[in-house]
Amino acid sequence: SDDRAASGEQLPRSGPLHATAPGKVFLSADTTLVGDLLNHELLAYTSSTLTTRADLLLELASVARRGYAIEDGDYRAGLRAVPWRSNGAG
C-alpha cells in the first residue's frame, strides 16, 4: 500500500487530464475541453490509464453522475486519489 499522502510526502499536483482524478473532474464539467483532448492521442502512463475515447467518455459520465473521480494507478502505479467537484457551497 502507498501511504505517501499520510506520511506527508509531496504528491503530484498536475498531470495528464485523462489519467488523473483532478483532471477527470475538470473534464467532466467542460465538454469543450473534452473535445479538445479527444483530438489527441490518449497516452498510457500505466496499464490502468484510459486510452480509448469510449472508455474515457464512459468514465467522465460516471464522474459527472457521482460528483467525484477516482484515480487508481492511472497515472502512477500505486497512487490513489479521489477529488470531488465543488458545488459552490462554502
query: With sequence neighbours left out, what residues match Thr51 under side chain to side chain donor-acceptor pair (under 3.5 Å)?
result: none

Grab the two heavy atoms, one from [X] and one from [Y], that are nearest each other, plus how far apart they are.
{"X": "Val25", "Y": "Ala69", "result": "CG2-CB, 3.7 Å"}
{"X": "Gly73", "Y": "Ser48", "result": "O-CB, 3.6 Å"}
{"X": "Ser28", "Y": "Val63", "result": "OG-CG1, 3.5 Å"}
{"X": "Pro22", "Y": "Glu71", "result": "CD-OE1, 4.2 Å"}

When you group the ILVMFWY residues by side-chain heavy-atom contacts below 4.5 Å and let the links chain together, are [Y] and [X] in the same group?
{"X": "Leu38", "Y": "Leu50", "value": "yes"}
{"X": "Ile70", "Y": "Leu58", "value": "no"}
{"X": "Tyr75", "Y": "Leu43", "value": "yes"}

Distance-only donor-acceptor pairs under 3.5 Å for side chains of residues 29-37, two or more places apart:
residue: Asp30; atom: OD1; partner: Thr32; partner atom: N; Å: 3.1
residue: Asp30; atom: OD1; partner: Leu33; partner atom: N; Å: 3.0

task: Please test Lys24 against Leu60 for side-chain contact (heavy atoms from CB on, under 4.5 Å), starting from the C-alpha separation and ending with a verdict.
output: CA-CA 6 Å; Lys24 293 174 193 176; Leu60 296 179; 4.2 Å; yes

task: Quick one: list whatever passes side-chain contact (heavy atoms from CB on, under 4.5 Å) with Thr52, sequence neighbours left out.
output: Ala54, Asp55

- request: Look at the rings of Tyr45 and His18 and say which category their plane angle falls in: under 30° parallel, 30 to 60° tilted, over 60° perpendicular.
  value: tilted

